[in-house]
Amino acid sequence: MKNKIAILYALIVGIVFLVSGIGKSLALADFANSIAQYGLGALEFLAPLIVVAEVTLGLLLVLQIRTKEISLVANILLVGFTLAYLYGYWFHNVTDCGCFGAFDALNMPPLAIFIRNAILIYLLLAVWRNSNGAAKQNISWQAMVVFTVLCIVSFASGYTYSGAGKVRLNAKPTRFQGQPISGSLLGKFVSTAKDSTYLVFAFSYTCPHCYNSIENLKQYETSGVVDRVVALALENSANEEKFRAIFHPNFSIKNCSRDTLLQLTNHFPTAYYIKNDTVKLEWEGALPCSYLLQQMVEK
């Protein structure tokens, strides 16, 4: 009976780990940004390793391979994730843990995240206590499954991570492109005049990819590509001071609470080019220089 419980619990936790790892692999740049928003920017390089670890542990739990040992390793990793999120929530007002990456529908509020992790930790402890830890015989097909899935996940991770700094026009359906500002959610963040052009830039003070865009953003008004730049930032007083000292921005910045700005987008940076009170272009990723933006606008 105990072994059956261990099998069931391992299957449940394994599926959660798999969904979490695969979701992150499909939006790895965003997950890396989440690590930076936790105030752990120095650990951003760990994002690909975390994805591989989650998927590997999830597969081994689902396939019932060395469940006793794997459940212990998974529990240590999960406790580490929970402590990291607690730090980000407590000291940096992070509410979106980025746990499921591209699967936004699975995001939870902070209290639910802590409850979910507590349940998973309990299940893993039960697996560790009740599992005999023996590996299955003739696991060549299982090894092939693990190898194949890891290859696919590694490819997806590399693709979505290496493309983080590229401008991705129409990489996926846009929310506002082609829509008038009046009456839209974006209109709550910026007021526009019909005879002027604008570049609205949503960013975080802790996002490295946002930092890579700032010098280009500073060119837009001075070069005449747009009449006005409006930056919308996730409020963070400590990092804002550092940001201003480094970049000396020549554009206006409106600080927004996390809950408010996440209504607009949960991907940073995201930019909106507005002309005639209508969103003409919308994209995620680093900004192009003013010359390239001018070409994009003319097209």
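Values in this document were obtained by computation on a predicted structure and should not be read as measured data.
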With sequence neighbours excluded, what pairs up with [X] under the side chain to side chain donor-acceptor pair (under 3.5 Å) test?
| X | result |
| --- | --- |
| Gln294 | Glu298 |
| Ser184 | none |
| Gln219 | Ser290 |
| Ser213 | none |

Which pair of non-hydrogen atoms, one from [X] and one from [Y], has the smallest distance, and what is that distance?
| X | Y | answer |
| --- | --- | --- |
| Leu261 | Ala233 | CD2-C, 3.9 Å |
| Ser257 | Leu234 | O-CD2, 4.4 Å |
| Ala10 | Val127 | N-CG2, 3.5 Å |
| Ile113 | Met108 | CD1-O, 3.4 Å |
| Leu57 | Ala74 | CD1-CA, 3.9 Å |

Between the side chain of [X] and the main-chain N/O of [Y], is any donor-acceptor distance below 3.5 Å?
| X | Y | answer |
| --- | --- | --- |
| Ser20 | Val16 | no |
| Thr67 | Ile65 | no |
| Gln177 | Leu281 | no |
| Ser196 | Asp227 | no |
| Thr265 | His267 | yes |
| Ser71 | Lys68 | yes |
| Glu284 | Thr270 | no |

query: Should we say atom OH of Tyr122 is surrounded by more than 12 heavy atoms from elsewhere, each under 6.0 Å from it?
result: no

By ring pair (Phe, Tyr, Trp, His ring centres under 6.0 Å), which residues pair with [X], not counting sequence neighbours?
| X | answer |
| --- | --- |
| Tyr205 | Phe203, Phe243 |
| Tyr87 | Phe91, His92 |
| Phe100 | none |

For a 4.5 angstrom cut-off between non-hydrogen side-chain atoms, does [X] reach [Y]?
| X | Y | answer |
| --- | --- | --- |
| Met296 | Pro288 | yes |
| Glu54 | Ile22 | no |
| Tyr291 | Leu293 | no |
| Leu11 | Leu61 | no |
| Asn130 | Tyr9 | no |
| Phe201 | Val230 | no |
| Phe189 | Thr260 | yes |
| Val297 | Tyr273 | yes |

When rounded to the nearest 0.5 angstrom, what is the spacing between [atom1] in [X] and [atom2] in [Y]?
| X | Y | atom1 | atom2 | value |
| --- | --- | --- | --- | --- |
| Thr197 | Ile274 | OG1 | CD1 | 9.5 Å |
| Leu86 | Tyr89 | CG | OH | 9.5 Å |
| Ser131 | Ile70 | OG | CD1 | 10.5 Å |
| Leu287 | Leu217 | CG | CG | 5.5 Å |
| Leu77 | Thr82 | CG | OG1 | 9.5 Å |
| Ile181 | Thr192 | CD1 | OG1 | 5.5 Å |

message: Arg129: which residues meet the salt bridge (charged side-chain N to carboxylate O under 4.0 Å, His left out) condition with it, sequence neighbours left out?
response: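 Not a single residue meets the salt bridge (charged side-chain N to carboxylate O under 4.0 Å, His left out) criterion with Arg129.
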
query: Glu241: what forms a salt bridge (charged side-chain N to carboxylate O under 4.0 Å, His left out) with it, not counting sequence neighbours?
result: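 Residues passing salt bridge (charged side-chain N to carboxylate O under 4.0 Å, His left out) with Glu241: none at all.
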
Would you say [Y] ends up clustered with [X] if hydrophobic residues are merged whenever their side chains have heavy atoms under 4.5 Å apart, either directly or through other cluster members?
| X | Y | result |
| --- | --- | --- |
| Ile50 | Leu72 | no |
| Ile76 | Leu124 | no |
| Val51 | Phe103 | yes |
| Leu18 | Ile15 | yes |
| Ile119 | Leu125 | yes |

field: Lys24 to Phe31 six-membered ring, cation-pi geometry met (6.0 Å, 45°)
entry: yes

Gln179 vs Val279, side chain to side chain contact (heavy atoms under 4.5 Å, CB included): CA-CA, chis, key distance, verdict: CA-CA 6 Å; Gln179 296 184 14; Val279 179; 5.5 Å; no

query: Do any pairs count as a salt bridge (Lys or Arg N to Asp or Glu O under 4.0 Å) and have a residue in residues 204-216, sequence neighbours left out, and if so which ones?
result: Glu215-Lys218

task: Output every pair passing salt bridge (Lys or Arg N to Asp or Glu O under 4.0 Å) with a member in residues 183-198, not counting sequence neighbours, ordered by first then second residue.
output: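 Listed once each, the pairs would be none.
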
- prompt: Once the angle between the rings of Phe114 and Tyr85 is folded into 0 to 90°, is it parallel (under 30°), tilted (30 to 60°) or perpendicular (over 60°)?
  reply: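 Ring orientation of Phe114 relative to Tyr85: tilted.
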
- prompt: Is the gap between the ring centers of Tyr272 and Tyr198 under 6.0 Å?
  reply: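 Between Tyr272 and Tyr198, the centre distance exceeds or equals 6.0 Å.
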
message: Side chains of Glu240 and Asn255: any donor to acceptor distance under 3.5 Å?
response: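 Per modelled atom types, Asn255 and Glu240 side chains form a pair under 3.5 Å.
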
With sequence neighbours excluded, residues passing disulfide (SG to SG under 2.5 Å) with Cys99: Cys97

